[in-house]
J.: 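Before I ask anything, let me first share the structure, which is written out below as structure tokens.
Naming: A, B, ... by sequence-line order, numbering from 1 per chain.
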Amino acid sequence: MSAILLQGAGAATSLSPFNSIDSSKLVAPSRSSLSVRSKRYIVAGSDGTNKSFGSSSLVARRSEPLIPNAVATKADTAASSTSSKPGHELLLFEALQEGLEEEMDRDPHVCVMGEDVGHYGGSYKVTKGLADKFGDLRVLDTPICENAFTGMGIGAAMIGLRPVIEGMNMGFLLLAFNQISNNCGMLHYTSGGQFTIPVVIRGPGGVGRQLGAEHSQRLESYFQSIPGIQMVACSTPYNAKGLMKAAIRSENPVILFEHVLLYNLKETIPDEEYICNLEEAEMVRPGEHITILTYSRMRYHVMQAAKTLVNKGYDPEVIDIRSLKPFDLYTIGNSVKKTHRVLIVEECMRTGGIGASLTAAINENFHDYLDAPVMCLSSQDVPTPYAGTLEEWTVVQPAQIVTAVEQLCQGTGRVKQRGGTESEASEKEREKERKISMAAITSAVIAIAGIILGWITIELACKPCLESGREAIDRSLNPDYDPDDQDVDTSSDVRSPLIPNHPPDNSDPDPSTAIKSV
Amino acid sequence: MAIWFARSKNLVSSLRHNLNLSAILNKCDYSPRPIFFTTTSQLSTTSFLSPVASLRHESTAVETQADHLVQQIDEDDGQELDFPGGKVGYTSEMKFIPESSSRRIPCYRILNEDGRIIPDSDFIPVSEKLAVRMYEQMATLQVMDHIFYEAQRQGRISFYLTSVGEEAINIASAAALSPDDVVLPQYREPGVLLWRGFTLEEFANQCFGNKADYGKGRQMPIHYGSNRLNYFTISSPIATQLPQAAGVGYSLKMDKKNACAVTFIGDGGTSEGDFHAGLNFAAVMEAPVVFICRNNGWAISTHISEQFRSDGIVVKGQAYGIRSIRVDGNDALAVYSAVRSAREMAVTEQRPVLIEAMTYRVGHHSTSDDSTKYRAADEIQYWKMSRNPVNRFRKWVEDNGWWSEEDESKLRSNARKQLLQAIQAAEKWEKQPLTELFNDVYDVKPKNLEEQELGLKELVEKQPQDYPPGFHV
């Protein structure tokens with residue numbers, strides 16, 4: 001059954017066969033239209049067949065219940081526990097080692113090669129103890145030549161081994177670029193599918209603590225264009241182990257990016273076996289207001305900023321994209337459709353980094369759902385300086401993330417970013433224009449308000465005067481009005497004495513009766 | 001032994017001012033010495049093992065003698081210093097190892113130019129059946145190169161690369177290997193694939209990139225590959241296959257297989273960093289790899305005098321701790337013996353071996369090159385006519401009565417006919433459909449590639465007039 005399913009992987013799919021396998025153990029994925037690849041994982045766990053060149057001594061995979069789901073639906077500190085067992089606590093590098101060891105136990109074709117990985121146990125202790133357990137040949141110390149041992153790994157993979165190639169620092173893998181790009185990524189394609197290259201290339205990268213420019217590289221920027229490879233970045237002990245295992249089992253070459261500063265993170269992970277899907281992103285914190293996409297170390301800066309944001313009343317949705325090539329546009333898209341605002345926080349350089357590609361992908365695919373332009377916080381286009389204070393400012397800090405979210409959510413949409421060089425001039429112009437228009441509007445409003453207030457004051461103060469004046473105007477405008485035949489209008493007190501209740505004065509006769517009395 | 005040492009010490013002290021250390025060392029021949037058999041004996045694999053055993057002892061015996069010689073010559077006090085890497089003797093005389101020895105490493109050769117076996121040669125005899133097959137394949141390779149080159153000139157294929165002048169290296173080395181040995185070629189070794197059973201039709205299909213091509217039309221012509229025949233798909237960047245060969249050797253070592261990795265490189269490719277890396281790794285890993293360097297004098301337009309300043313490539317082997325030999329690459333029997341011995345050494349002793357095969361690139365570098373621009377036409381003519389490896393081997397085969405003119409003309413006309421038919425068929429065969437553009441990038445097509453494929457499909461369906469006739473999705 002599994003063989004047929006493998007071959008029919010490209011065709012339309014249904015989940016019903018899988019549910020019958022071990023549905024109690026499988027965590028039902030939150031979305032039913034997972035990519036085809038995840039189904040293959042479920043299949044590979046139960047009855048794996050593997051086309052491998054020339055290898056007659058292929059070990060049949062044990063059928064074990066696997067838990068393929070790796071979407072952590074809770075906050076990042078708690079491991080997504082799908083079982084009732086307590087789990088065990090370990091550090092990230094120990095999780096990597098555990099994953100590697102389990103895979104080496106499971107499949108004798110898995111081997112490790114790199115500098116100081118053998119008896120020294122690896123520069124970051126990821127391969128500690130493995131040489132003692134599996135021997136010098138399977139955990140191979142190599143001379144210092146990255147191109148050589150990468151090439152060696154590729155050659156060994158083409159003939160049936162599954163090497164895990166360790167670069168002591170990701171930056172050193174620049175020396176292996178030829179082998180990675182021209183051979184690792186291409187040979188499956190150019191050989192017409194005759195040769196597979198199931199290598200895992202892994203190592204620590206990213207900005208550390210004052211390691212200098214050459215040891216603070218973000219190689220994911222440079223590798224992302226190479227066709228034929230997959231890239232993933234781990235960030236927690238849980239996904240480190242899961243991604244390591246998935247990468248080793250993958251038939252494609254996978255580059256696993258670890259981060260120098262994350263090796264000592266502690267977490268409780270499940271005791272039973274699990275793998276993480278290589279192409280899935282991880283929902284770290286669901287939210288409503290804004291989608292924050294990040295990976296590797298920046299996830300922690302984002303979560304720190306998220307605490308502040310929550311206190312300020314925002315509800316950010318944080319997604320650890322994990323799969324750097326290809327992007328999990330399904331998860332990301334659903335999030336964008338919900339929140340309509342995207343902030344990308346990455347450690348790559350501004351130019352040509354993962355964030356740049358992700359911005360393009362989101363804009364192309366989800367433009368209609370965006371209420372504001374996609375914003376990307378990244379490091380500047382400078383070599384990472386050694387001085388601690390300078391280095392700190394090349395890396396995106398939580399405060400910047402908070403500011404960015406606030407500005408995005410307040411709908412102005414335009415934020416002055418640190419180190420935004422190319423649009424700075426036009427930004428300033430727009431600022432200026434805005435200020436001028438604001439000033440004009442303000443003064444106009446003040447003037448109008450002043451006029452209205454003045455009017456009201458005069459109305460109130462001179463009320464009688466104004467009233468009489470108004471009446472006079474009315475009378476004069478009235479065509480039927482004739483002031484001469486105006487009898488005493490008892491309603492109008494024009495002729496009445498100004499001082500009321502004055503005793504009538506005899507010396508002041510009524511002019512009309514005076515003449516008549518004589 | 002002691003008398004020998006004493007004699008050598010006298011010799012050295014008298015010649016101290018004239019000769020230098022490395023010259024003396026070089027006089028000790030490190031080449032394996034197979035035991036001589038008569039030419040008519042049949043050779044089976046089991047009987048071959050005994051000469052191998054003696055090979056091993058002889059070669060290591062020679063080494064220890066040289067070691068002692070070194071110590072005797074330069075030890076003043078007989079004391080040694082301890083350094084990481086072991087003990088090393090010291091001398092108070094400041095002496096630089098010269099950049100080159102006065103005498104170049106000689107090359108191993110069995111047949112002379114007239115096709116006669118040089119008397120007192122050490123070589124592994126070749127049966128009639130094997131010799132005839134080798135000759136047939138060399139001739140077929142010649143015909144194939146000629147016809148495909150012409151096809152490119154006629155515009156029927158876009159590119160071709162000939163192996164003219166290097167047929168002996170191609171076929172004789174392939175004949176000396178077992179089918180389980182994994183071959184990582186450079187690009188001038190189609191003869192190895194031909195020997196292993198790749199048909200002329202399959203060659204043509206790859207050159208035309210049609211639907212029957214195993215590479216599915218994704219690579220340039222001459223980038224053959226066949227996992228079935230243990231021949232890695234050719235990859236254009238130079239020398240990348242050398243570290244990969246170390247990896248293959250490593251894998252075979254882990255699986256304890258009776259097989260080795262065999263990889264080819266040209267003289268130009270030895271300047272690449274991967275050459276150093278691959279050899280060093282294979283030596284440290286003690287991996288069973290046979291490195292065959294085709295020193296054909298030219299790397300496109302760069303002559304070897306501009307490529308390196310060492311005495312060819314064979315002297316570089318010792319720098320990595322690798323056993324090496326220089327062979328006349330135009331002598332099929334010598335190449336056969338050397339590669340056979342090297343292969344046995346690699347597998348039984350689990351060590352890498354370096355073979356430098358001296359030859360000449362008669363053809364242009366490729367169809368994109370006109371070599372008369374940088375070398376004399378009569379030089380090319382000389383090597384083509386007087387130093388032709390195919391003619392030389394034919395003379396030997398004919399002298400043994402195993403081949404005739406009639407066989408020759410029949411073979412060549414058959415090969416020619418078959419090739420022309422293959423080309424015609426391959427040309428007519430339809431090309432790959434659009435889906436093959438996106439397959440095999442990954443094992444399973446990811447979503448972004450599915451989208452891109454859909455987009456392209458729609459484009460083609462909307463405007464079919466913009467695409468070549470017969471271009472189908």
J.: Quick one: does A/Q179's side chain get under 4.5 Å of B/P243's, heavy atoms only?
T.: yes
J.: Work out which heavy atom in B/V441 is nearest to a heavy atom in A/P227; give both atom names and the distance.
T.: CG1-C, 4.3 Å
J.: Which region of A/M186, side chain (C-beta onward) or backbone (N, CA, C, O), has a non-hydrogen atom less than 4.5 Å from a non-hydrogen atom of chain B, or is it both or neither?
T.: neither
J.: What's the separation between atom OG in B/S251 and atom CE in A/M158, rounded to the nearest 0.5 Å?
T.: 12.0 Å
J.: Any heavy-atom pair between the side chains of A/E279 and B/P446 that's under 4.5 Å?
T.: no
J.: To the nearest 0.5 Å, what is the distance between CZ on A/F195 and OG on B/S235?
T.: 12.0 Å
J.: I'd like to check A/Q194 versus B/R228 (side-chain heavy atoms, cut-off strictly below 4.5 Å). Are they in contact?
T.: no
J.: Would you mind checking which part of B/V284 comes under 4.5 Å of any heavy atom in chain A, side chain (CB onward), backbone (N, CA, C, O), both or neither?
T.: side chain
J.: If you count heavy-atom pairs under 4.5 Å with chain B, which of A/N178, A/I229, A/T150, A/L329 comes out on top?
T.: A/I229
J.: side-chain contact (heavy atoms from CB on, under 4.5 Å) between A/C111 and B/M254: does it pass, once the steps are laid out?
T.: CA-CA 10 Å; A/C111 55; B/M254 272 234 272; 3.8 Å; yes
J.: Any idea which of A/P326, A/P143, A/G153, A/C145 has the most non-hydrogen atom pairs under 4.5 angstrom with chain B?
T.: A/P143
J.: At a 4.5 Å cut-off on heavy atoms, which part of B/E436 comes close to chain A: side chain, backbone, both, or neither?
T.: backbone
J.: Quick one: pull up CG in A/L161 and CG in B/D255 and give me the separation to the nearest 0.5 Å.
T.: 6.0 Å
J.: What are the residues of residues 194-203 of chain B, in order of number, with any heavy atom under 4.5 angstrom from a heavy atom of chain A?
T.: none
J.: Sort out for me which of B/I234, B/N439, B/N448, B/D274 touches chain A most, counting heavy-atom pairs under 4.5 Å.
T.: B/D274
J.: Quick one: are A/L137 and B/K253 in side-chain contact, heavy atoms under 4.5 Å?
T.: yes
J.: With a 6.0 Å cut-off (strictly less than), is the heavy-atom count around CD1 of A/I144, excluding the residue itself, greater than 12?
T.: no
J.: Find out whether A/T196 and B/D443 are in side-chain contact, i.e. whether some heavy atom of one side chain is under 4.5 Å from a heavy atom of the other.
T.: no
J.: Which bit of A/F149 comes within less than 4.5 Å of chain B, counting heavy atoms only: side chain, backbone, both or neither?
T.: both
J.: Test A/L187 against B/F232 for side-chain contact (heavy atoms from CB on, under 4.5 Å), laying out the working first.
T.: CA-CA 9 Å; A/L187 271 166; B/F232 273 24; over 6 Å; no
J.: State, yes or no, whether a side-chain contact exists between A/N183 and B/Q244 at a heavy-atom distance under 4.5 Å.
T.: yes
J.: Which atoms form the tightest heavy-atom contact between B/V248 and A/G155, and what is the distance?
T.: CG2-O, 3.4 Å
J.: For B/L437, is it the side chain, the backbone, both, or neither that has a heavy atom closer than 4.5 Å to a heavy atom of chain A?
T.: both
J.: Answer whether the closest heavy-atom distance between the side chains of A/Y330 and B/K447 falls below 4.5 Å.
T.: no
J.: Might you point out which heavy atoms bring A/A156 and B/G247 nearest each other, and give the distance in Å?
T.: CB-O, 3.5 Å
J.: Between atom CG of A/N147 and atom CZ of B/F281, what is the distance when rounded to the nearest 0.5 Å?
T.: 9.5 Å
J.: Between OH of A/Y189 and CG of B/D440, what distance do you get to the nearest 0.5 Å?
T.: 8.5 Å
J.: Using non-hydrogen atoms and a 4.5 Å limit, figure out which bit of B/L252 sits close to chain A: side chain, backbone, both or neither.
T.: side chain
J.: Could you measure the distance from the NE2 atom of A/H188 to the CZ atom of B/R218? Nearest 0.5 Å is fine.
T.: 7.5 Å
J.: Answer yes or no: is there a side-chain heavy-atom contact under 4.5 Å between A/I159 and B/V182?
T.: yes
J.: For the OH atom on A/Y120, are there more than 12 heavy atoms of other groups (residues, nucleotides or ligands in this structure) within a distance under 6.0 Å?
T.: no
J.: Side chain from CB out, backbone as N, CA, C, O: work out which of these in B/D180 comes under 4.5 Å of a heavy atom of chain A, or both, or neither.
T.: neither
J.: With a 4.5 angstrom heavy-atom cut-off, could you sort out which part of B/A246 is near chain A: side chain, backbone, both or neither?
T.: both
J.: What closest approach, in Å, do A/V112 and B/Y250 show between heavy atoms, and which atom pair accounts for it?
T.: O-OH, 4.4 Å
